[in-house]
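A note on names: the letters A, B, ... follow the listed sequences, proteins ahead of strands, and every chain is numbered from 1.
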Amino acid sequence: MNIKEVLAKKVSAAMVAAGLPEGTNPAISISNRPQFGDYQANGVMGAAKKLKTNPRELATKVVEQLALSKDLDGIADKIELAGPGFINIHLSQTWLASQLALMAQDTHCGVTQRCADHQGSLLEGKSQTVVVDYSAPNLAKEMHVGHLRSTIIGDAVVKALEFRGDKVIRQNHMGDWGTQFGMLIAHLSDKLAGDEVAETALADLENFYREAKVRFDNEEGFADRARADVVKLQSGDAQCAKLWQQFIDISIAHSEEIYSKLNVSLQRSDIMGESSYNPDLSKVIDELMASEIAVEDQGAKVVFIDEMANKDGEPSVFIVQKSGGGYLYATTDLSACRYRSGQLKADRIIIFTDARQSLHFKQVEIVARKAGFLPENVGYDHCPFGMMMGNDGKPFKTRTGGTIKLAELLDEAVVRASDLIKEKNPEINTEELNEIATKVGIGAVKFADLSKNRTSDYIFSWKSMLSFEGATAPYLQYAYSRIQSIFRKAAVEQVQSKIDIIEPQEKALALKLLQLEDVIDAVISECTPNLLCNYLYELASLYMSFYEACPILKDGIAVEVKESRLALCQLISQTLKQGLNILGIEVMERM
RNA sequence: GCACCAUUAGCUCAGCUGGAUAGAGCGUCGCCCUCCGGAGGCGAAGGCCGCAGGUUCGACUCCUGCAUGGUGCGCCA
């Protein structure tokens, strides 16, 4: 259920009845001040401007129509006109309570499902097939902090889409191809000849890469071998392919370890590495040449994109094949467009990479659409984000200037969380400590990142994410476990679904709980999980205020009030858990 | 040179398709532990929303110019 949509439908009807054109946006939004009601409709003012009429008079008519139609009877207590044409809507507490009761019986926290195969849920709309391309680490090296954002933002959006009922096809576009693999397999070949086992030799990928690079730069003959191996690999040499496969397998296992630590849902079957597109690349070029979208220029094959010309009319240049005949990531990404819309039947394609690739993906989209690889009705959203910076505002690096391995960063988060928990709770047993420290530490890292929307760079700070105060994962986890503690204490078997809204804190919570669908939809359409982070923080925060103001189990509380508040707690608890689950953050019964 | 992105409180960040008095957290300063878990709550101080114009009933939001920072731009991904 989406309050905003319910109101929009009713107000729209009244606007049409008042003589406004069909399809005028009612512009429903949440009121920012209690005296302006719970929601407000601001669309009349914009419409009045277009029609060059008096907004106040027009709004009066709309309000009259609303009263006449009785559309909002039972939903709103009061509808009033204010200022130049604001329509303020005060929702009925009885109606809110009835919606909460429905929510209590729903398996999806009251969020309507887009597909029909969810029993016991509200059904609505048609589900889409969405291809989501995220994480995509370079398999030549270990995952570092730069891969964190794509991985967790992508996974959160994926889970939000699935929660709403869309069909998601995950695509891990791993970097498993390219010239550096020649040097890596040449080095691996030597190691194996020296009786080493691949798993041991590749235990530390960073070291392995460094060693290979040193040999490539300094050792006589090695660079030539490496280059020869690339050619052999690309022409299908069995021996090279075997070495390459060994290397890839072990590197993938490294990534899977990280995914598991991060509670990210990517599986091996989601991998569609760059190498997968190899057989298709020459066809892509042939088609582009045949349709004259691409032309030969200075030995290379390029597309001149007039749509992206600069002020002087010079087109943007997009190289699709090198002068030596080699392919580039442009070629691969074009091929991926065709595969995803053609084979995977995507209605929408979402790609999460850092902002530096914005230009590239703009070019890919234009060329892919021109070439027919990407039909008009298929959405193509490149979702860029900024780099992770250190406390000094410069790229986040180790003291010596090296890249920070993701595995080490996550381990540190858990150690820091563990220290803090021990400090707060010295009696805790080791097993419980480990479980909580993992959930809290990883959750803190993820929430700190997910809660930021900026496409610009963001500053990574242990201090702010693991102080565990304010808008952090532990605050939300704490709110959740506090509710569980109440349930333990209350020792009730079954919480009722009837809720009476009495105190203002309860009303605020009711409204917030019923806004989940609206938030999920915004997360999906804009690919911005930070909206869900904000929502959950506000929900937890309202709960904390409620907890202080509205006693539940204390002496002297009437049974009906107690039961109503327990029911409210139940909804909050479910919503927090579900919301955090979408973000890939775990909750615990006690902490 | 050209293009893209950013600029909001001391710091880190929100701010939904233009809406009423721009919001949080941290930090600072008060108050609240005979408590249902204080990893908490309540309150205060703190802003020329980078600068200058424009569009309009109304601009942090849209347009133009400028400044600052970042990123990218024919053979890396």
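Nearest to the side chain of A:Gln357, among B:rG25, B:rG19, B:rA77, sits B:rA77. Among B:rU12, B:rC36, B:rG74, the nucleotide with an atom closest to any side-chain atom of A:Val317 is B:rG74. Distance from the side chain of A:Asn25 is smallest to B:rU17 among B:rG18, B:rU17, B:rG40. The nucleotide whose nearest atom lies closest to any side-chain atom of A:Ser29 is, among B:rG19, B:rC73, B:rU17, B:rU17. The side chain of A:Phe304 lies closest to B:rG74, out of B:rU12, B:rA14, B:rG74. Closest to the side chain of A:Arg590, from the set B:rC36, B:rC13, B:rG37, is B:rG37. Comparing atom distances between the A:Met387 side chain and each of B:rU71, B:rC13, B:rG40 picks out B:rU71 as nearest.
For A:Ser481, no side-chain nitrogen or oxygen approaches OP1 or OP2 of B:rG37 to under 4.0 Å. Considering only side-chain N and O atoms, A:Lys362 lies nowhere under 4.0 angstrom from the phosphate OP1 or OP2 of B:rG72. Dashed line: the shortest gap from a side-chain N or O of A:Asn453 to OP1 or OP2 of B:rG15 is under 4.0 Å. Phosphate contact (OP1/OP2 of B:rA20, side-chain N/O of A:Asn32, threshold under 4.0 Å): present. Taking only side-chain nitrogens and oxygens, A:Arg33 never comes nearer than 4.0 Å to OP1 or OP2 of B:rA22. Remark: A:Tyr475 is in phosphate contact with B:rG41, judged by side-chain N or O atoms under 4.0 Å from OP1 or OP2. Taking only side-chain nitrogens and oxygens, A:Tyr535 never comes nearer than 4.0 Å to OP1 or OP2 of B:rC16. Proximity of A:Ser456 to the phosphate of B:rA6: no side-chain N or O atom is located under 4.0 Å from OP1 or OP2.
When heavy atoms are screened at a 4.0 angstrom cut-off, A:Gly85 is found touching no nucleic acid atom at all. Across all strands shown, A:Thr455 has heavy atoms under 4.0 Å from sugar-phosphate atoms exclusively, and none from any base. If you check every strand for non-hydrogen atoms under 4.0 Å, A:Leu328 touches sugar and phosphate atoms only. Across all strands shown, A:Phe318 has no heavy atoms under 4.0 Å from either base or sugar-phosphate atoms. Among the protein residues, A:Ile28 comes within range of the nucleic acid bases, having at least one heavy atom under 4.0 Å from a base atom. No engagement by A:Met308 is indicated, since no non-hydrogen atom pair under 4.0 Å with the nucleic acid exists. Among the protein residues, A:Lys4 comes within range of the nucleic acid bases, having at least one heavy atom under 4.0 Å from a base atom. Contacts of A:Ala300 with the nucleic acid, taken as non-hydrogen atoms under 4.0 Å apart, include base atoms. Among the atoms of the strands shown, base atoms are found under 4.0 Å from some heavy atom of A:Gln40. Nucleic acid contact for A:Asn88: base, since at least one base atom lies under 4.0 Å from a heavy atom of the residue. Across all strands shown, A:Cys533 has no heavy atoms under 4.0 Å from either base or sugar-phosphate atoms. Contacts of A:Gln35 with the nucleic acid, taken as non-hydrogen atoms under 4.0 Å apart, include base atoms. Looking at heavy-atom distances under 4.0 Å, A:Asp457 makes contact with sugar-phosphate atoms alone, never a base. Contact annotation for A:Arg488: base contact, defined as any heavy-atom pair under 4.0 Å involving a base atom.
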Side chain to side chain donor-acceptor pair (under 3.5 Å) between A:Ser573 and A:Gln484, intermediate numbers included: CA-CA 8 Å; A:Ser573 154; A:Gln484 304 319 305; 3.0 Å; yes
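With RNA chain B read from its 5' end, the first of the two nearest nucleotides for A:Ser358 and A:Ser31 is the one closest to A:Ser358. When each of A:Lys322 and A:Ser485 is assigned the nucleotide of RNA chain B bearing its nearest heavy atom, the one mapping closer to the 5' terminus is A:Ser485.
To the nearest angstrom, C1' of B:rC13 lies 15 Å from NZ of A:Lys463. The CG atom of A:Leu359 sits 6 Å away from the C1' atom of B:rG72 (whole-angstrom rounding). In this entry the distance linking CZ of A:Phe385 with P of B:rC13 reads 16 Å, nearest Å. Going from atom CD1 of A:Ile421 over to atom C1' of B:rG37 covers 15 Å, rounded to whole Å. Rounded to a whole Å, the CE atom of A:Met389 is 12 Å from the P atom of B:rU12.
Side chain of A:Ser461 to backbone of A:Ser464: a donor-acceptor contact under 3.5 angstrom is found.
Between A:Glu435 and A:Lys439 there is a salt bridge, since at least one side-chain N of the basic residue sits less than 4.0 Å from a carboxylate O of the acidic one.
Contact of the A:Asp38 side chain with the A:Ile3 side chain is not registered, since no non-hydrogen atoms from C-beta on lie closer than 4.5 Å.
From A:Cys383, atom SG reaches atom CD1 of A:Ile153 across 9.0 Å, with rounding to the nearest 0.5 Å.
Ring orientation note: the planes of A:His360 and A:Phe318 are tilted relative to one another, at an angle of 30° to 60°.
Of all nucleotides present, none satisfies the Watson-Crick or G-U wobble test against B:rG46 with each distance under 3.5 Å. The base-pairing partner of B:rG53, taking Watson-Crick or G-U wobble contacts with both distances under 3.5 Å, is B:rC63.
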